[in-house]
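The structure appears below as structure tokens.
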Amino acid sequence: MKIKAMKWLTTAPVALALAVSLAACGGGSSQPSGTPTDALKGSDQQTLDKYTTANVTPIDKIDKSKLGLATEGTLRVGTLSDAPPNIFVDASGKFTGYDNELLRAMADKLGLKIEFASTKFQALLSQVKNKQFDVGSSSISTTDARRETVAFTNGYDFGYMALVTKENARVQTFAELKSGLRIGVVSGSVQEDYVKNTLNIEPVSFPDYNTVFASLKSGQVDAWVAPSQQATGQVKPGDGTKIAEKKLNTQNFTAYAVAKDNPALLEALNSALDAIVADGTWSKLTAQWYTDRPTAAEQTPEGWKPGSKAVKVPAN
């Protein structure tokens with residue numbers, strides 16, 4: 001696969017200075033087709049417990065010299081540039097968004113610098129596997145198929161799946177999706193897998209979120225099945241589109257991707273995630289970037305919570 005040249009932007013560990021976003025995000029990376037993934041099943045506590053660690057190593061016990069980083073002291077991160085509010089480049093050229101600001105806070109806990117590079121959604125997991133990046137940050141849903149390629153941290157987010165349509169569309173619910181409709185998805189996403197293998201409909205696949213949304217607005221597709229956070233980031237008042245329906249998906253939580261042969265880095269990131277959950281940073285950033293999740297109840301639905309099983313989310 002030919003990889004485009006990447007522009008690296010470097011930032012030192014930062015204090016938590018955030019712009020307020022207008023929306024909320026989701027996402028994923030390459031999802032092999034062929035095995036049905038019912039992304040709308042909702043929470044499965046047994047599945048979550050299977051992958052969530054019981055606890056973590058205290059952050060002051062992490063040996064930063066053994067993290068297997070390509071550049072010692074610096075976390076190199078592959079991310080997207082076009083999926084606000086989770087993963088995008090702002091007007092000043094800074095990589096930001098909910099996922100990336102959480103990761104900045106985690107790097108700060110570990111005393112690491114952090115570098116971001118823009119990449120394509122479909123290539124990210126293989127790039128992490130091949131250690132082109134130390135970490136993948138792309139609101140990745142942690143399916144079993146993806147775990148065959150990379151390892152994942154404990155979860156830092158759950159997600160919704162959204163059905164996006166024009167205001168006057170004949171399709172208004174997931175239950176109305178059927179053969180003959182032109183259903184847009186992003187290539188390689190959980191949503192593509194869902195339409196193909198759960199609904200048994202051949203979707204119209206696009207390379208990125210901007211393209212599929214533009215195609216919906218122009219009438220090239222009848223509906224877009226999307227991570228709801230990206231959908232919320234795209235749909236604007238008066239643009240003739242709407243989010244017709246949302247479905248909660250906590251079964252496969254969202255996490256950061258790490259090479260499977262680098263358990264030391266995985267351990268360190270899990271420790272850092274617990275640290276920012278315990279001190280309230282995770283709750284603060286979640287409320288700041290997801291304006292529809294201001295309280296602990298909205299941030300932790302159906303028993304889901306971020307980090308290890310041991311960490312406690314502070315009360316609001």
Side-chain angles (χ1 to χ4, degrees), residues 25-53 78-80 83 86-87 99 119-130 133 135-163 174 183 185-201 203 205-206 208-209 212 225-231 246-263 266 269-270 273 301-308:
C25 170
S29 189
S30 181
Q31 170 69 34
S33 62
T35 302
T37 301
D38 191 346
L40 302 187
K41 282 180 66 175
S43 179
D44 182 337
Q45 196 61 46
Q46 183 176 1
T47 299
L48 299 181
D49 286 350
K50 177 180 177 181
Y51 294 116
T52 301
T53 64
T79 189
L80 307 187
N86 285 56
I87 35 182
D99 300 57
T119 188
K120 289 295 183 182
F121 185 72
Q122 297 84 354
L124 181 57
L125 293 192
S126 62
Q127 291 169 336
V128 171
K129 176 183 177 180
N130 297 330
F133 302 120
V135 179
S137 173
S138 182
S139 292
I140 306 168
S141 295
T142 57
T143 65
D144 284 346
R146 291 172 178 171
R147 290 181 186 276
E148 294 176 6
T149 302
V150 295
F152 288 108
T153 64
N154 288 328
Y156 64 83
D157 196 10
F158 61 94
Y160 291 88
M161 190 177 287
L163 181 65
F174 282 98
I183 305 171
V185 294
V186 169
S187 177
S189 67
V190 167
Q191 291 74 36
E192 181 184 55
D193 178 79
Y194 169 73
V195 174
K196 281 185 176 180
N197 295 316
T198 299
L199 300 183
N200 294 313
I201 299 170
S205 298
F206 295 88
D208 55 56
Y209 298 111
V212 66
V225 177
S228 71
Q229 297 96 323
Q230 261 82 21
K246 287 184 181 181
K247 293 285 189 178
L248 181 64
N249 169 27
T250 61
Q251 183 174 12
N252 296 310
F253 51 69
T254 296
Y256 298 109
V258 180
K260 292 176 73 171
D261 61 353
N262 194 352
L266 187 66
L269 291 174
N270 279 335
L273 177 58
E302 297 188 15
W304 179 88
K305 74 176 187 65
S308 75

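Reckoned from all heavy atoms, side chains included, excluding hydrogens, waters and symmetry mates.
- Among all heavy-atom pairs drawn from Thr153 and Leu266, the shortest one is N-CD1, 3.5 Å.
- The two residues Met161 and Val225 come nearest to each other via the heavy atoms SD-CG1, 3.6 Å.
- Rounded to the nearest 0.5 Å, atoms CG (Asp261) and NZ (Lys129) are 10.0 Å apart.
- The two residues Ile87 and Ser137 come nearest to each other via the heavy atoms CG2-O, 3.5 Å.
- In this structure, Tyr256 and Tyr156 have parallel ring planes: the angle between them is below the 30° cut-off, well short of the 60° mark.
- With Asp157 contributing its side chain and Thr254 its backbone, the two residues share no donor-acceptor pair below 3.5 Å.
- Side-chain contact between Asp193 and Thr143: absent, with no pair of heavy atoms (C-beta onward) separated by less than 4.5 Å.
- Counting all heavy atoms, side chain and backbone alike, Ser126 lies closest to Ala123 at OG-O, 2.8 Å.
- In plain terms, the two heavy atoms of Ser205 and Glu192 that are nearest each other are OG-OE2, 2.6 Å.
- Interatomic distance, NZ of Lys305 versus CG of Asn154, reported as 8.5 Å (0.5 Å rounding).
- Rounding to the nearest 0.5 Å places NZ of Lys120 at 5.5 Å from CG of Asp208.
- Here Thr79 contributes atom OG1 and Phe133 contributes atom CZ; the two are 9.0 Å apart, rounded to the nearest 0.5 Å.
- Among all heavy-atom pairs drawn from Val258 and Val150, the shortest one is O-CB, 3.5 Å.
- In this structure, Arg146 fails the cation-pi test against Phe152, since its NZ or CZ atom is not both closer than 6.0 Å to the six-membered ring centre and inside 45 degrees of the ring normal.
- Gln122 places a side-chain N or O within donor-acceptor distance of the main-chain N or O of Ser187, the cut-off being under 3.5 Å.
- To the nearest 0.5 Å, atom CG of residue Leu80 and atom OH of residue Tyr209 are 6.5 Å apart.
- Interatomic distance, Thr149 OG1 to Leu124 CG, rounded to the nearest 0.5 Å: 11.0 Å.
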